[in-house]
Amino acid sequence: MNKIKAINDFVILFANINGSGSASANNLFAKAVFRLGIPVSAKNIFPSNIQGLPTWFEVRVSEKGYLGRREGYDFVVATNGQTIVKDYNELATGGYFFYDSSRRLPDHLQRDDITVIGIPLTNICNENYSDPRLRQIFKNIIYVGALAYLFEMDFSIFEESIKTQFAKKAKLIEPNINALRLGFDYAKEHFADACDLNIHRRDLNGDKIMIEGNTATGLGAVFAGVTVAGWYPITPSTSVIEAYEKYCRQYRVDETTGKNKFAIVQAEDELAAIGIVIGAAWNGARSFTATSGPGVSLMGEFLGLAYFAEIPVFLVDIQRSGPSTGMPTRTQQSDVLAAAYASHGDTKHVLLFPATPKECFDMTLIGLDLAERLQTPVMMMSDLDLGMNTHLCEKIEYDDHRVYDRGKVLDYEALEAKQERWGRYLDIDGDGIAYRTIPGTHPEKGAFFTRGSSHDEYAGYTEDGKIYAKGMQRLLKKFDTAKTLVPQAEIHRVKENNKLGIIYYGTSTYAGHEADDLLQEQGIHLDEMRIKAFPFGKEVEEFMQSHETIYVIEQNRDAQMKTLLVNEFQLDPKHLIPVLNIDGMPITAQYIADEINNHINPIQSKNQTLEVVS
């Protein structure tokens with residue numbers, strides 16, 4: 001049998017039971033790889049119940065820096081009897097199957113193309129611990145210790161990690177290190193030369209960090225000056241508000257009085273949550289909410305109000321699989337159209353598409369500035385993969401000299417000096433953005449009636465169709481202005497006059513980059529564009545016009561980004577080829593490369609003028 005041999009380039013699958021404490025141990029392993037200076041990505045694949053169902057945790061070790069999910073498992077750690085057959089069968093040829101040998105494998109599991117590593121985790125725990133809960137917790141730590149030996153990892157890294165993790169609970173440090181040592185020593189004694197997969201120290205991570213996208217978003221909201229959060233709990237967005245609260249308690253409590261300088265209101269539903277955000281923003285506070293697809297659906301009417309009454313709103317959508325309840329703990333990019341045109345009537349909303357936790361932080365700051373500059377809803381379109389998984393990214397930095405962009409707000413002095421009549425919806429500058437006031441600014445000037453019904457330039461009620469149409473056209477002009485303010489797309493051209501292109505956005509970026517490398521190895525060269533925002537800027541339109549065939553990578557069924565591009569630019573849809581993944585798992589580079597290859601080859605056979613260098 002040919003064993004898989006690799007150094008710093010393989011995928012490990014942990015198969016566990018939800019609620020068993022395995023996630024902590026698995027994260028300990030992933031962070032140890034990171035501390036060894038090797039790029040690593042982790043995916044927690046968990047059920048939507050509280051405890052008992054199967055859960056998986058994938059760790060990809062990639063010296064080349066590929067952070068997207070990769071198909072196939074080189075090493076499986078199987079501790080869940082419910083899924084042991086599935087996990088056994090999914091292991092790649094030449095791979096390694098690590099299981100709790102306290103119970104023998106079922107007789108029908110017989111493969112001669114893999115290496116089986118049986119360590120009696122339960123027996124070791126029973127011999128060393130009497131408390132049932134400790135037995136379960138340390139069972140996970142023991143297998144991490146065994147992996148440290150099998151992969152030739154520096155054991156001191158795990159010791160340092162444990163000391164850091166339990167710095168405030170010192171009495172837990174020694175027991176955890178002892179559990180690690182139990183696994184390490186058992187593997188050393190019984191499986192000295194069993195594994196040819198190794199993790200050796202490098203220095204490839206520099207000053208990068210590992211953080212969840214939702215955590216970075218919550219931190220970003222604090223640094224962006226948010227003082228009000230209205231929300232209703234929903235997976236996978238809840239940890240955004242939890243992070244916001246955590247950092248507010250660190251940085252937004254008055255040192256003298258001990259009073260909070262923030263308000264977090266858990267509403268009775270999503271409709272009330274967005275209402276709280278709108279009310280707070282109308283009163284001059286920076287506010288936000290976080291939700292997922294079902295919440296966006298419920299918030300639609302109020303988003304239309306904010307759009308039409310021109311009230312700043314910042315909403316974070318952590319997308320999950322839909323429709324309806326769908327798969328709450330699986331990822332997708334399936335709210336693109338629902339968010340872009342949310343609410344009835346003619347509406348268009350600004351969307352931001354982060355790809356990394358750092359961008360979650362940065363785009364939260366940008367999004368809140370845009371919402372106030374444009375006086376309109378802005379939605380940041382994250383997803384479960386980015387939000388709830390720990391990602392390697394550039395360190396988060398904040399410019400202490402940064403000034404919040406509150407937009408066109410008239411203060412007391414400006415109102416006092418104004419001689420002409422002020423109109424809340426009067427476009428003076430020609431950019432579609434009117435001047436607003438904050439309640440209480442002036443005792444006599446700047447007041448207006450906020451309404452969701454049709455209004456004129458002075459906020460007066462009207463049913464005059466021409467006045468209504470003029471206002472709607474001004475909102476469209478404001479949307480054109482937004483094109484110059486949102487983050488521009490990233491474009492990489494491989495050669496001049498190339499007619500093949502690829503588009504991706506959000507978490508499809510990881511796999512998109514890697515797929516492009518795979519295709520180049522096959523002689524297929526694609527110009528790349530990563531979309532960062534909607535409305536699309538001029539650079540997006542130019543990219544679309546300069547390529548004959550463009551592959552649009554998406555994680556939804558209905559090619560929503562393609563639809564948005566076709567609708568906004570009035571393109572011929574046949575030139576945009578969707579590459580779609582909808583199974584709730586992060587899209588992989590190999591899948592993208594295969595789909596594009598399968599599409600190009602028939603074209604090549606019919607049209608020899610298409611340049612594909614073999």
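The figures here come from the full heavy-atom set of this structure, side chains too, leaving out hydrogens, waters and symmetry mates.
Ring geometry, H442 versus Y412: the interplanar angle falls under 30°, so the pair is classed parallel (tilted spans 30 to 60°). The aromatic rings of F536 and F534 sit perpendicular, their planes meeting at an angle over 60°, well past the 30° parallel limit. Ring-plane geometry between W422 and F448 is classed as perpendicular, the angle between the planes exceeding 60 degrees on a 0 to 90 degree scale with a lower cut at 30. Under the 30°/60° scheme for interplanar angles, the aromatic rings of F288 and F314 are found to lie parallel.
Side-chain contact check for S382 and Q319: no donor-acceptor pair (N or O, by modelled atom type) lies under 3.5 Å. Defined by atom type and a distance below 3.5 Å, a donor-acceptor pair is present between the side-chain atoms of T450 and W282. Side chains of E554 and Y505: a donor-acceptor N/O pair is present below 3.5 angstrom, by distance only.
For an aromatic pair to be called close, the ring centres must be under 6.0 Å apart, and H455 with Y468 fails this. Ring pair H349/Y341: centre-to-centre distance not below 6.0 Å. Ring-centre distance between F361 and F223: below the 6.0 Å cut-off. Proximity of the aromatic rings of F14 and F29 is defined here by a centroid distance below 6.0 angstrom, and this criterion is met.
A side chain to side chain donor-acceptor pair (under 3.5 Å) with K43 holds for exactly one of D385, T331, N389; it is D385. Only one option out of R373, R436, K478 pairs with E310 in a salt bridge (charged side-chain N to carboxylate O under 4.0 Å, His left out); it is K478.
Residues S22 and I17 have side chains not in contact (no heavy-atom distance under 4.5 Å, counting atoms from C-beta outward). No side-chain heavy atom of M379 sits less than 4.5 Å from a side-chain heavy atom of V313.
Residues T509 and R530 come closest through the heavy atom pair OG1-CD, 2.9 Å.
R402 meets the salt bridge (charged side-chain N to carboxylate O under 4.0 Å, His left out) test with D369; sequence neighbours excluded.
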Please tabulate, one pair per line, all N/O donor-acceptor pairs under 3.5 Å involving side-chain atoms of residues 213-221, not counting sequence neighbours.
unit_1, atom_1, unit_2, atom_2, d
N214, ND2, P236, O, 2.9
N214, ND2, S239, OG, 2.8
T217, OG1, G213, O, 2.8

